[in-house]
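A short write-up of the structure that comes next.
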There are 2 protein chains.
Amino acid sequence: MAAIETLGYHPTAAARSLSTQRTNTIGMIRSEIRLQGNLIETDPMVLDLIDGITSEAINSSTGLTFWAIPAGQREMELYRRLVTSRQIDGLILFALREKDPRVAYLQEQDFPFVIFGRFESKEGDNWIDVDGAAGIEAAVRHLAELGHRRIAYLSPPYEQYLTRLRWQGFVRGMEEMNLLIDPALIYEGDFSEKSGQLGTHYFLDQPNPPTAIFCNNDRMAFGAMRAIQARGLTVGSDVSVVGFDDIPLARYSNPPLTTLNQPIHDIGKALFNLLIKLINREPIDLLGGKLLKPELVIRQSTGRPR
Amino acid sequence: MAAIETLGYHPTAAARSLSTQRTNTIGMIRSEIRLQGNLIETDPMVLDLIDGITSEAINSSTGLTFWAIPAGQREMELYRRLVTSRQIDGLILFALREKDPRVAYLQEQDFPFVIFGRFESKEGDNWIDVDGAAGIEAAVRHLAELGHRRIAYLSPPYEQYLTRLRWQGFVRGMEEMNLLIDPALIYEGDFSEKSGQLGTHYFLDQPNPPTAIFCNNDRMAFGAMRAIQARGLTVGSDVSVVGFDDIPLARYSNPPLTTLNQPIHDIGKALFNLLIKLINREPIDLLGGKLLKPELVIRQSTGRPR
DNA sequence: TTGTAGGCGTTATCAC
DNA sequence: GTGATAACGCCTACAA
């Protein structure tokens, strides 16, 4: 021990993991998405997730390794390589798509992974999600109670799995408040500010425009507010806007954004702990995943319609 | 080869790195900072950096591993462990502090690393930085030309190395435009929106308040705008605000933020390529690092004073 | 308690 | 070229 101290000895990680079959590293892969040739930047929400995961991981001296790869052919190759070369002990997935091949592959390989979000097979116990549908329902109720009757829906990309779940919440909320869903007030966004702007201009160009817009993330909501203001309208009185995520900036926008809060930082921590249990083949106490309620944070971007 | 294909064989990463002494992984460590017990979230700028690094790293199938650790004692232990256990091939440093012990240690160990930013010993060739001082000088010139004479300075934390460099730019700009620096119009921020708010309220409470505020990042600028608006004042006419970074949200704030653009994504790519050269002991063509000019993006948060 | 052999899965070397 | 063999540095098990 004294010798270790004086020589500053540390076991070589590679040798150790060759022997123990553990790397003390978990992985996360960002699927790069391009729209019209433009790379969509990573959602700020992911940064919170990283913060949460890593701040928990340090306690077990585990690192989080990151890759970015365009979705598609090469993406699955990367997953395959990481799994078969045992470069990491487990994976954290997010932004699942419909019929996501990654889940099927990892299940088939019995490779430890957790999901931020849910997936088709509800029986898994390896996910943590926010109940987006319930959140959206609450948001619609809030808007309806303010007097809004024409509420537009700025959707996530249709390819994402959560899109279906969230849509159910919107439908439920609208039905509950006896409001009609106008197909002209639905727009598919891509989570970027730009698409929030485009969608909002589209909505406001309708013969019968909405008085409120629900946006499926805060970035699109920022774009929506910008588009509203560009037309000389006032956010919160002429058109109300609701976001989703409650990223740190949401309270500093003008006006401050009414949005659904997800405790991303804590979710990151929980996902990490869950993954470690899976890696260690320890029993998981939560059955069928874990569903958190998002909280509607009412700020000044919503108000009574004129 | 046929057998490899049919069996789906992939070399084991650990065995390979034990033999080759390469891990095909580079590292990045976030120093967690707490202020009054609150964890300061990572700056959104870092996300762009990660995006840039990883989108380049994928070409050489290299991963980026992340750790988060409170600055201080344990931090150096982590660096030591990573270096001596050869868990990574190289490191990317950012947000250097005055007399940063990390640089000294890595140099002493002859461990490959690159810096986003600069450090005291200018002779190194392992850094890429944006010339913040020149940018701030340009921002001050812009404000002075609009007619501002009382310009406040929302500083980065004093412990950071770049603070000194940026301050020089401010002084230079003020002198150049024959403006006086009022010690009452200087405030030390911590890069968070909150500190932008606090600093701005402090400025506006002065007997002789400023007509313009230069903020050393966009997040603080958002906080500043919020504080100005909370007092019923108008950003851009009553008080002008300039930021630094040009994060994606800067153009979507209200009003859109005048700020200094740093091509973070490209810097991330360049840092990665530089680090790989260092790891391979290849010759570096740039001598004494690389300094990029930030670009002043003029939007609506700056205007003529009343 | 201390010491030693075998194995983890590669890469590199050296005969052939 | 092809095939055996020695590192790479740790962990585990078994012997002394």
Side-chain angles (χ1 to χ4, degrees), chain A residues 1-27 57-65 67 74 76-91 105-106 108-113 275-282, chain B residues 1-27 57-65 67 74 76-91 105-106 108-113 275-282:
Chain A
M1 284 301 170
I4 286 177
E5 189 65 27
T6 48
L7 295 172
Y9 165 86
H10 280 282
T12 304
R16 175 171 246 176
S17 44
L18 186 58
S19 179
T20 59
Q21 313 279 28
R22 279 281 294 260
T23 62
N24 290 313
T25 306
I26 60 172
I58 195 66
N59 298 328
S60 40
S61 51
T62 299
L64 173 69
T65 303
W67 290 268
R74 289 184 55 205
M76 278 312 296
E77 275 171 35
L78 175 60
Y79 279 85
R80 256 189 277 274
R81 182 163 63 79
L82 294 180
V83 170
T84 54
S85 72
R86 269 161 291 172
Q87 201 161 148
I88 48 177
D89 297 331
L91 267 169
Y105 173 70
L106 294 173
E108 170 201 318
Q109 295 291 317
D110 195 27
F111 189 80
F113 71 104
L275 182 53
I276 291 299
K277 282 194 181 158
L278 286 173
I279 290 169
N280 294 335
R281 309 276 166 189
E282 288 170 27
Chain B
M1 284 300 170
I4 285 177
E5 189 64 28
T6 49
L7 296 172
Y9 165 85
H10 279 282
T12 304
R16 176 171 246 176
S17 43
L18 185 58
S19 181
T20 59
Q21 313 278 31
R22 280 281 295 257
T23 62
N24 289 314
T25 306
I26 59 173
I58 194 65
N59 299 328
S60 41
S61 50
T62 299
L64 174 67
T65 303
W67 290 268
R74 290 184 54 207
M76 278 312 296
E77 276 170 35
L78 175 59
Y79 279 86
R80 257 188 277 274
R81 182 163 63 77
L82 293 180
V83 169
T84 54
S85 73
R86 268 161 291 170
Q87 202 162 146
I88 48 178
D89 297 332
L91 267 170
Y105 173 70
L106 295 172
E108 170 202 318
Q109 295 292 317
D110 195 26
F111 189 79
F113 71 104
L275 182 53
I276 291 299
K277 282 194 182 161
L278 286 173
I279 290 169
N280 293 335
R281 309 277 167 189
E282 288 170 27

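In what follows, chains are A, B, ... by sequence order, proteins preceding strands, each numbered from 1. No hydrogens, no waters, no symmetry mates; every other heavy atom, side chains included, goes into these values. Quick caveat: nothing in here was measured; it's all calculated off a predicted structure.
Between the CH2 atom of A:Trp67 and the CG atom of A:Leu82 there is a distance of 4.5 Å, given to the nearest 0.5 Å. In this structure, B:Ile26 CD1 and B:Leu64 CG are separated by 5.0 Å, a value rounded to the nearest 0.5 Å. Rounded to the nearest 0.5 Å, atoms CD1 (B:Ile279) and CD (B:Glu282) are 10.0 Å apart. In this structure, B:Arg81 CZ and B:Gln87 CD are separated by 6.0 Å, a value rounded to the nearest 0.5 Å.
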Where along nucleotides 5-12 of chain C does protein come under 4.0 Å, by heavy atom, of base (B) or sugar-phosphate alone (S), with - for untouched nucleotides? --BBBBB-
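Between B:Phe113 and B:Val83 there is no side-chain heavy-atom pair separated by less than 4.5 Å. Side-chain contact between B:Asn280 and B:Arg22: present, with at least one pair of heavy atoms (C-beta onward) separated by less than 4.5 Å. Looking at A:Asp89 and A:Thr62, their side chains never come closer than 4.5 Å, going by heavy atoms from C-beta outward. Taking 4.5 Å as the limit, some side-chain heavy atom of B:Pro112 sits within range of a side-chain heavy atom of B:Leu275.
For B:Thr23 against B:Arg86, the heavy-atom pair with the smallest separation is CG2-O, 3.4 Å.
Remark: DNA chain D forms stems of 3 or more consecutive Watson-Crick or G-U wobble pairs, all pair distances under 3.5 Å, at C:1-16 with D:1-16.
For A:Ser17 (side chain) and A:Ala14 (main-chain N/O), a donor-acceptor pair under 3.5 Å exists by modelled atom type.
Reading DNA chain D from its 5' end, the first and the last nucleotide to sit under 4.0 Å from a heavy atom of chain B are D:dC8 to D:dG9.
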